[in-house]
Amino acid sequence: MTLRSTTNRSKSGFYIEVGCPGCGGRLTIESSFFVLTCEHCGSVLRLTMPDTPVVYVVRAKVTRREVRFGIDRYLKSNKLPLTGSDLEFKHIYYPYWKIDAVLLKVRNDIIRVTYRQGEDGQRETSNERRRTDINLTPYLTTVGAGGQFEGIPDTIGMRVDYLNVLPYSRTNTQDGFDAMPVARPWSEAWAEVVARVADIGEVAIADFGMNRTELFNPVASLVYFPYVIVESYAGGDFNRWVVDGVTCRVLAHVDEVSPLDYGEKEAAADLEFGELDVDFHRCPNCAEDLPAEQSYVYICRNCHQMIVHELFARDISQIALVSAQYGQDDLLFPFWSLKMSAADSEKFQHLFGGMYRSDRLVIPAFKVGNFEAMYRLSKRLSAALPQFDLQPIDTFDRRCLPVGLSMSEALMLVDVVICRAELDRNPEGLTQHLKATTEEVSLFFAPFHKENYFYVDSALGSVTFEKSFVS
Ligand SMILES: [Zn+2]
Ligand SMILES: [Zn+2]
């Protein structure tokens, strides 16, 4: 079914090449996926990230001949004499911090709506309407992590969108290439990215209330990108060219002698990096094979251990199923149930708990097309939750859909959902950032069946959402 195969689809297109532990074959995996089936031997594999940044390397694709050719082409187009025979080549890998995060944008605009009236459609009236737009999008950027180096760009830029990377290791780096030390700590790179995002926010001035531009859930990794540095002293003139090791483009031409600054070696000493691991997708307790579908949560069908595939995840206090009479064709959709602190539930329960005064907020544990659709479903389920009869389960029914939205994403969405709900009550727009503390996390599955263009919950028959919401 399409829902399963497209869960958690990523658009970043950052590809990692790894080796299969079963057959040794080379595999390419999109960075946001962590379960894959080996196309050579059929083994189901899992990619595990360490809790320290992973280091990747992009291999150079250009030969000395091609680099020289590239420089000559550059010189020719700038009407300069071509290169001589004394070229010196230096091959380097320059480090970049790669930052993956989620960007939240809340925008308050006043829009002008024009209506045509009358039989002839000639009479026009117009009025102004307040509109609040909430958007959550993946955010990917790179920031230079090495020392100052004239001609080396401070970001890999758009190229990162279709980069093929390998885990950094002795065998994956090329002969003759030197990796530059990391001179800029992560904290500094992150501060720069936060400042960049704040700049975006400042450009958009709210027409009412307050706008919000914020980054959530940052994940850091390090990418070594190849450059070829070519120097020449022909005829007593110094020239240095910095050439992109993937595209062969000349990025900089320096004709004043300046020493190369390779960055401070000491600075890199206290940084810790981890290696990603590719392993068979099995239960860590009893080695039973786990389903080939990507999910953040599994229950081993043999020993019934819960397996949460997420770094820094909190404990899931319970996995439950909504009891109801339902058919074999029903789908069991997963939902995160997040218990708010007593103080917060006092403050926010009017937004979700409805007449049942629930202290829990429900967030769909699968990807829903857009934020507004997710918000409506979250609100309906939060209101319905106190009426559900939840029974703990220790095995997944075949009708259970995979958990396609991680716990950390759900925890982040709590604040955004509260902010959105407050807007319903307060159309003047937000005047403060609302934050809530989540005390406990559990997961439940609720049965839904198809009715025309909708999924309808089979327990109460009252919660519905459009089939097209599920991406
Ligand atoms: Zn294989
Ligand atoms: Zn097991």
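Counting starts at 1 for both ligands and their atoms, following the listed order.
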Review point. Could K61 and E66 be called an ion pair, given the rule that one side-chain N must be under 4.0 Å from one carboxylate O?
Key: no

Practice item. Taking the six-membered ring for Trp and the full ring for Phe, Tyr or His, determine whether the centres of Y455 and F333 are under 6.0 Å apart. Key: yes

Study note, to complete from the structure: Output field for angle at the Zn ion (ligand 2), C300.SG vs C283.SG, rounded to 10°, should show 110°

Point to revise | the Zn ion (ligand 1) to nearest N/O/S of H40 less than 2.8 Å | key: no

Point to revise | Ring centre gap for F225 and Y93 strictly below 6.0 Å | key: no

Check your understanding: Do E439 and R360 meet the salt-bridge criterion of a basic N to acidic O distance under 4.0 Å?
Key -> no

Point to revise | Three-point angle C20:SG, the Zn ion (ligand 1), C38:SG, rounded to the nearest 10° | key: 110°

Study note, to complete from the structure: The angle formed at the Zn ion (ligand 1) by SG of C41 and SG of C23 is about (to 10 degrees) 110°

